[in-house]
Amino acid sequence: MIILYFSWIRQKLGTGEERFDVPETIKTVTDLAKHLRARGGPFAEVFSDLKRLRSAVNQEHVGWEASVGQGDEVAFFPPVTGG
Amino acid sequence: MIILYFSWIRQKLGTGEERFDVPETIKTVTDLAKHLRARGGPFAEVFSDLKRLRSAVNQEHVGWEASVGQGDEVAFFPPVTGG
Amino acid sequence: MSTIRVQREDFDTAAEVVALKAADNGIGAVVTFTGIVRGNGVTGLTLEHYPGMTEREIARHVNEASARWPLLGVTVVHRIGSLRPGDNIVLVATASSHREPAFEAAEFLMDYLKTRAPFWKLEEAATGTEWVEARGSDNDAVRRWRED
Amino acid sequence: MSTIRVQREDFDTAAEVVALKAADNGIGAVVTFTGIVRGNGVTGLTLEHYPGMTEREIARHVNEASARWPLLGVTVVHRIGSLRPGDNIVLVATASSHREPAFEAAEFLMDYLKTRAPFWKLEEAATGTEWVEARGSDNDAVRRWRED
């Protein structure tokens with residue numbers, strides 16, 4: 001899996017992209033977010049309140065219950081502010 | 001009074017402007033239109049159906065019951081089609 | 001800042017927008033509407049207007065738009081005379097800090113230009129000339145702005 | 001005809017509109033929306049985006065707009081990178097035979113760009129830098145297009 005981070009999330013984590021081996025226990029975006037939160041430090045901070053975050057799987061907006069797997073590209077970002 | 005005609009009304013009447021001495025009997029735009037209709041010929045034709053016409057007094061849109069007098073500029077035209 | 005012109009010459013939308021943008025550094029949104037002579041079957045268009053009343057009507061609606069929305073600039077340019085397919089007819093440009101007032105004011109001004117500004121279009125086609133009929137949908141469109 | 005670009009360079013609205021108009025001689029109305037960096041207190045703006053997803057999201061909404069309205073052309077250009085006050089951020093241009101579809105499609109596309117296209121703005125001011133917060137009003141605006 002590739003995980004991408006954008007905006008203040010990227011800044012806070014100090015990285016915009018990581019490769020990640022998905023454990024069997026992670027089935028949804030929520031599972032993934034909780035796993036990342038458990039890393040502690042800036043990850044705990046970023047994933048402490050999922051209401052501030054949005055996510056995409058394979059470049060499409062998804063809800064927190066969307067399925068994820070090893071071959072996916074998952075992104076976490078704040079609400080968008082373009083236009 | 002100055003009377004102005006526009007668009008197909010001007011074309012049909014063969015004139016875009018006339019000076020007109022307002023008789024005492026003419027108090028409203030409707031009175032004026034009926035007076036002009038009574039001239040016959042193209043005037044009878046143009047003023048036969050007032051629903052097809054619009055009018056302005058002193059360069060402001062008015063309804064058929066608007067007052068008119070000797071010092072006014074009155075215009076007759078079809079519904080506008082600019083923009 | 002508001003600019004209103006009725007003219008025979010073409011207008012340069014880019015130059016009008018540059019002038020509009022320069023008026024206020026709080027501008028975050030510019031909407032333009034350009035009306036163009038359609039080419040389907042029409043070979044030419046002649047625009048007649050009521051000099052004096054036209055400018056008054058446009059100014060009145062520009063003032064009303066400025067009272068209803070927080071506009072930072074408005075430009076209305078309407079052409080008269082002989083036009084060809086593809087030629088510009090009218091430009092409405094509105095500037096505001098955000099998009100909603102800019103969009104709404106531009107639509108408001110176009111709806112009023114279509115139904116109140118004293119212009120008349122004579123269309124030329126291979127089959128002859130014909131005065132354009134007013135569209136009922138334009139009267140429906142303008143009704144949404146009435147506050148009653 | 002539709003054109004979608006995400007780019008660092010500025011765009012030339014006039015050139016984009018010329019290209020749009022050339023696509024179809026039935027075009028009678030062109031609406032443009034230009035988003036501009038506001039100057040009040042802000043000294044600069046940096047736009048980050050999600051390459052790949054951005055283009056997909058814009059294309060999806062351009063396709064949806066083309067299905068909902070009889071459009072004869074759509075252009076969307078969005079800038080990324082470092083911008084200064086007064087700089088252009090985004091251009092949406094829509095062309096149709098009449099004004100209503102052109103206006104509605106431009107508003108629809110802007111509402112979706114604001115709430116779905118993965119761009120993020122970092123504002124620079126004398127007091128430091130700050131990520132721009134999403135506006136609740138943008139979410140309200142986009143709701144009007146839902147067909148349910």
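Not measured: the values here are computed from a predicted model. Protein chains get the first letters and strands the later ones, always in sequence-line order, with residue 1 at the start of each.
- Counting heavy-atom pairs closer than 4.5 Å to chain B, the top residue among C/I80, C/L113, C/V132 is C/V132.
- Residues C/M53 and B/H61 are in side-chain contact: their nearest non-hydrogen atoms beyond the backbone lie under 4.5 Å apart.
- With a 4.5 Å cut-off on non-hydrogen atoms, B/R10 touches chain C through its side chain but not through its backbone.
- Heavy atoms of other residues, nucleotides or ligands lying less than 6.0 angstrom from CZ of C/R144 number more than 12.
- Ranked by heavy-atom pairs shorter than 4.5 Å toward chain C, the options B/R54, B/Q11, B/Q59 are led by B/Q59.
- Here the closest heavy-atom approach between residue C/P118 and residue B/V80 is recorded as CA-CG1, 3.6 Å.
- Here the side chains of B/T81 and C/W120 are in contact, with some heavy-atom distance below 4.5 Å.
- Residue B/S7 comes nearest to C/W131 through the heavy atom pair OG-CE3, 3.1 Å, listed as atom of the first residue, atom of the second, then distance.
- The contact between C/R116 and chain B is made by backbone and side chain atoms together, counting heavy-atom distances below 4.5 Å.
- In terms of heavy atoms, C/I89 sits closest to B/G83 at CG2-O, 3.9 Å.
- In terms of heavy-atom proximity, C/H49 sits nearest to B/F6 at O-CE2, 3.4 Å.
- Residue C/E133 holds its CD atom at 9.5 Å from CH2 of B/W8, rounded to the nearest 0.5 Å.
- Atom CD of C/Q7 has more than 12 neighbouring heavy atoms from other residues, nucleotides or ligands inside a 6.0 Å radius.
- A salt bridge is defined here as a Lys NZ or Arg NE, NH1 or NH2 lying under 4.0 Å from an Asp or Glu carboxylate O, and B/E60 with C/R60 fails to meet this definition.
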